[in-house]
Number of protein chains: 2
Amino acid sequence: MSDIKELVENKELLGKITTAEDAARLVKRDMMLGCSGFTPSGYPKVVPTALARRAEAEGPIPVGIWTGASTGPELDGELARTGCISRRFPYQTNEEIRKGINSGEIQFADIHLSHCAQNIRYGFYGKIDIAIIEALRITPEGGIVPTSSVGNSNAFVEVADKVIVEINTEQPKGLDGIHDIYSPENPPHRKPIPITNVHDRIGVPYIPCPPGKIVAIVPSDVKDSQRPLAPSDEISSKMASNLIDFLSVEANAGKLPKGLLPLQSGVGNIANAVLEGLAAWPTDGLTVYTEVIQDSVFELLDSGKIAFASSTALTPSPDGAAKYYPRLGDFKDRIVLRPQEISNNPEVIRRLGLIAMNTAVEVDIYGHVNSTMAGGTKMLNGIGGSGDFARNAYLTVFLCPSTSAGGKISKVVPFCSHVDHTEHDVDIIVTEYGIADLRGLSPRERSAEIIDHCAHPDYRELLRDYKHRAELGKGHEPHLLGEAFSWHERLRLSGTMKK
Amino acid sequence: MSDIKELVENKELLGKITTAEDAARLVKRDMMLGCSGFTPSGYPKVVPTALARRAEAEGPIPVGIWTGASTGPELDGELARTGCISRRFPYQTNEEIRKGINSGEIQFADIHLSHCAQNIRYGFYGKIDIAIIEALRITPEGGIVPTSSVGNSNAFVEVADKVIVEINTEQPKGLDGIHDIYSPENPPHRKPIPITNVHDRIGVPYIPCPPGKIVAIVPSDVKDSQRPLAPSDEISSKMASNLIDFLSVEANAGKLPKGLLPLQSGVGNIANAVLEGLAAWPTDGLTVYTEVIQDSVFELLDSGKIAFASSTALTPSPDGAAKYYPRLGDFKDRIVLRPQEISNNPEVIRRLGLIAMNTAVEVDIYGHVNSTMAGGTKMLNGIGGSGDFARNAYLTVFLCPSTSAGGKISKVVPFCSHVDHTEHDVDIIVTEYGIADLRGLSPRERSAEIIDHCAHPDYRELLRDYKHRAELGKGHEPHLLGEAFSWHERLRLSGTMKK
């Protein structure tokens with residue numbers, strides 16, 4: 001056990017320091033646990049691992065797990081594998097848990113990330129029994145200083161009966177002071193969120209917590225399980241350059257400021273490629289208001305291209321962490337980590353006027369977007385923050401390659417097999433073939449735009465044939481419902497969407 | 001021509017008083033017109049009618065028409081009938097125009113009502129050539145005092161090159177002073193919208209307009225073409241009482257204040273029935289933050305059950321107008337009409353914590369909602385404000401009868417033929433059979449809840465059969481894509497969804 005006494009600055013709490021095994025004993029069957037963590041950053045590691053060990057010895061201890069978003073293998077992986085997750089909110093990316101979700105054994109609710117905290121406070125999902133929060137230290141007042149993410153931790157601490165703190169001595173000390181914790185009141189007492197600039201700080205740099213709630217403090221030295229980023233490939237670079245060309249045209253036409261508006265981009269290689277591409281943007285001083293800070297944002301902060309980045313999590317790759325975590329002090333006045341209720345808040349997103357860039361699983365010819373479900377049924381990760389941003393941004397962009405599976409799957413289909421974002425919310429679609437600008441177009445115009453500019457040439461004639469035959473039957477948004485999903489059915493039965 | 005000179009208080013503008021025919025001559029082919037009007041309230045009547053007459057004589061003069069929402073027959077009906085509408089945003093309810101939309105002759109973009117004004121200001125849809133605004137009077141500074149709605153009129157006046165004002169002497173004088181006009185700045189200069197209570201007034205009671213923009217002032221004495229409200233039938237009363245029972249349970253459980261939170265409800269008989277049902281709510285002083293004020297809101301304001309109502313339009317039935325318009329003075333300190341950008345603003349909706357109650361065209365077993373399109377293709381009216389409210393409310397409720405067409409159509413289907421609101425946004429579904437409370441449920445749990453509590457008994461076994469067979473194939477949200485739309489296909493081919 002590493003010595004964490006000096007990190008527990010509220011000395012009344014020293015007696016709460018204990019082992020992960022003892023802390024895990026506080027968890028009972030059917031409890032609801034609220035855990036820190038957003039992307040595999042800042043999640044508790046040793047208490048969940050100890051709970052999984054206990055389950056291996058005693059049999060499954062099924063509980064409900066709330067987090068910020070996805071976590072690492074020590075939490076989602078271990079607890080799913082040992083049968084300890086009966087219910088899971090609001091997002092995940094772990095192979096082990098996904099198996100349980102898709103078999104129906106784990107009840108998963110896929111919730112807009114900005115809505116979680118308030119719905120918990122409203123009492124919509126029952127109470128949180130125990131919050132388990134990874135921290136850098138505990139302040140003299142009992143405040144919990146988070147680590148590499150904030151997520152929903154403030155809300156969990158507010159509503160939980162008990163709080164377990166994992167003090168992680170391997171998280172970079174440079175994170176201390178980076179957080180800005182603000183919790184809106186519930187209606188009818190809620191006030192405007194006073195953010196008018198990406199860099200505004202409106203709260204305190206720790207999660208307030210009555211010391212009496214803290215029932216266990218556990219040392220940890222397990223690092224975040226960061227995921228490597230694949231280098232940008234030709235297709236993601238092409239998508240990025242298509243998008244950036246479009247943004248240039250918009251800025252030159254006066255529809256966007258020359259220095260753009262605050263940028264939001266999703267997690268993963270495509271998002272990273274877009275931000276990398278912005279290294280060549282003609283003006284410095286860009287800003288980022290998003291939910292994750294990946295390697296490219298660190299790079300652009302370093303070069304001065306980005307002046308400030310607001311997020312709820314740092315999500316570097318292992319290489320990015322090795323490079324930038326030791327230098328966090330250099331960035332601390334240019335990064336803020338907020339609760340996801342604030343990083344993803346519709347009020348702030350709409351006020352600041354974000355350019356929201358997220359990845360689609362598939363799009364249809366009218367501009368509906370599937371973000372979550374393969375073949376309409378198999379959960380991939382979840383909607384995450386994409387709806388929070390897409391619905392309220394200045395400009396809503398979805399990116400996807402035109403095909404996958406070596407061309408066997410067209411990402412442009414007649415009818416999305418699952419709709420997460422509707423035609424009412426999507427402005428721009430980008431593939432490696434081009435841009436579809438859907439603003440102000442009718443469905444018939446949108447389908448022409450998407451097929452001509454975004455679909456893979458191998459699928460364009462098939463899509464045009466569907467469009468043509470559907471339009472014979474009239475209707476504002478022409479469809480042949482009897483064959484709307486025939487592309488997905490063909491894929492399922494023959495392994496390809498090609499005819 | 002009625003004498004409107006005393007209503008033009010800016011005397012420099014007296015020379016602009018002219019006939020509807022002359023004003024209509026200012027409209028040229030391919031122009032974009034921004035017209036006042038929201039629901040059939042406060043729309044220009046005599047200039048569009050004169051334009052239609054001109055088109056009858058000279059041949060079609062196709063233009064793009066922007067409004068707040070739906071308008072009356074003098075605008076949408078006459079101009080569609082005479083071939084003068086090539087493009088239409090963002091909502092309509094007129095039979096004549098719907099015909100053109102569904103035949104593909106009129107390009108209709110179905111846009112969230114709160115997004116219109118900002119997207120116009122951002123320049124996303126090109127410019128507005130002429131704004132045509134119905135007014136009570138013009139102030140000495142040239143300010144335009146609107147009539148029975150505000151809609152997007154302030155934005156149209158801001159961006160249009162020219163403004164035509166119809167001064168309607170038949171609109172009730174009691175409307176003067178009821179409006180509160182506030183236009184947010186564009187990002188990056190936008191500030192918090194300072195509404196923290198339904199009754200807050202944050203702007204001025206007229207639409208500011210540089211007098212030089214006003215090119216014509218036309219007298220009008222044509223009344224709003226109000227639509228009668230059908231009396232509540234047994235089914236809508238049952239839906240209303242199911243919903244109100246649910247709200248009681250929530251309030252008693254402490255999940256809602258005893259005096260509820262601000263209420264929003266859509267247009268039409270079901271919405272009216274719900275509000276009528278609230279006459280029996282145990283506490284007085286309810287509030288309304290919505291886009292339309294129908295008869296029931298006047299009644300509840302009159303009885304004191306509702307303390308204050310904020311809206312963008314008054315939409316009484318002819319009977320309601322006859323009863324309450326002469327008494328507007330009694331209500332003026334308890335009603336405010338705002339631009340739809342504010343009445344439907346996500347920032348304000350989320351801050352105030354609305355209970356949003358809207359009508360669905362159909363719902364599916366997982367809680368997706370179709371609000372716009374019959375059989376996935378035929379436009380009915382449009383999404384209107386339902387997405388603005390549903391996406392950001394405290395509690396999002398959709399109501400629909402369990403069947404229509406004498407039982408031949410089930411409103412609960414395996415897969416919505418068009419998705420306007422996703423599973424991520426829908427909390428509660430109500431039919432005359434009961435309530436499905438979807439909060440925190442996984443898709444498998446949601447489908448059980450919806451089938452058991454909301455579907456018509458005649459369709460429950462068919463739905464259960466689909467659910468059961470879909471679940472054999474696994475997946476988080478089980479579907480049989482090959483037969484997902486078979487109910488709609490059966491209806492199309494055999495006239496009923498029944499087997």
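A, B, ... follow the sequence lines: proteins, then strands. Residue 1 opens every chain. Below, each value reflects all heavy atoms present in this structure, side chains not excepted, and no hydrogens, waters or symmetry copies.
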Heavy-atom contact with chain B under 4.5 Å, split by part of [X]:
{"X": "A/D388", "answer": "both"}
{"X": "A/A253", "answer": "neither"}
{"X": "A/R439", "answer": "both"}
{"X": "A/P192", "answer": "both"}

Most chain B-contacting option - heavy-atom pairs closer than 4.5 Å, from [options]:
{"options": "A/R88, A/E489, A/H189", "answer": "A/E489"}
{"options": "A/H479, A/R446, A/H418, A/E471", "answer": "A/H418"}
{"options": "A/S114, A/P90, A/G387", "answer": "A/S114"}
{"options": "A/P188, A/G440, A/A109", "answer": "A/G440"}

Nearest heavy-atom neighbours spanning [X] and [Y]:
{"X": "B/L481", "Y": "A/S417", "answer": "CD1-CB, 3.9 Å"}
{"X": "B/V419", "Y": "A/T422", "answer": "O-CG2, 3.4 Å"}
{"X": "A/Y122", "Y": "B/K255", "answer": "O-CG, 3.8 Å"}

Open item on the list: Check whether B/H424 reaches the backbone of A/D110 with its side chain - one donor and one acceptor, N or O, closer than 3.5 Å.
Closed with: yes
Open item on the list: What's the separation between atom CG in B/D425 and atom CD1 in A/I111, rounded to the nearest 0.5 Å?
Closed with: 11.5 Å
Task: Separation of B/E423 CD from A/I383 CD1 (nearest 0.5 Å) - done: 8.0 Å
Under a 4.5 Å heavy-atom cut-off, does chain A meet the side chain of [X], its backbone, both or neither?
{"X": "B/P478", "value": "backbone"}
{"X": "B/R444", "value": "side chain"}
{"X": "B/Q118", "value": "side chain"}
{"X": "B/Y394", "value": "both"}
{"X": "B/R87", "value": "side chain"}
{"X": "B/S486", "value": "neither"}
{"X": "B/F89", "value": "side chain"}

Task: Greater than 12 external heavy atoms within 6.0 Å of A/K467's NZ - done: yes
Open item on the list: Is it the case that the side chains of B/R391 and A/H112 hold a donor-acceptor pair, with the cut-off being a distance below 3.5 Å and no angle test?
Closed with: yes
Specify which of [options] makes the most heavy-atom pairs with chain A at under 4.5 Å.
{"options": "B/E483, B/H488, B/H115, B/H421", "result": "B/H115"}
{"options": "B/P443, B/S442, B/G353, B/A470", "result": "B/S442"}
{"options": "B/N186, B/D420, B/V198", "result": "B/D420"}
{"options": "B/G376, B/G126, B/G375, B/P187", "result": "B/P187"}

Task: Residues of residues 365-374 of chain B near chain A, each having a heavy atom less than 4.5 Å away - done: B/H368, B/M373
Task: Neighbourhood of chain A inside residues 256-264 of chain B, taking heavy atoms under 4.5 Å as contact - done: B/P257, B/L261
Task: B/T377 and A/E477, any side-chain heavy atoms less than 4.5 Å apart - done: no
Task: Flag side-chain contact, heavy atom, 4.5 Å: A/Q107 against B/E445 - done: yes
Task: side chain to side chain contact (heavy atoms under 4.5 Å, CB included) assessment of A/I101 paired with B/H476 - done: CA-CA 6 Å; A/I101 289 169; B/H476 172 60; 3.3 Å; yes
Task: Among A/N392, A/I193, A/N345, side chain to side chain contact (heavy atoms under 4.5 Å, CB included) partner for B/R350 - done: A/N345
Task: Step-by-step side chain to side chain contact (heavy atoms under 4.5 Å, CB included) determination, B/R351 to A/E347 - done: CA-CA 8 Å; B/R351 182 182 305 140; A/E347 168 175 341; 3.0 Å; yes
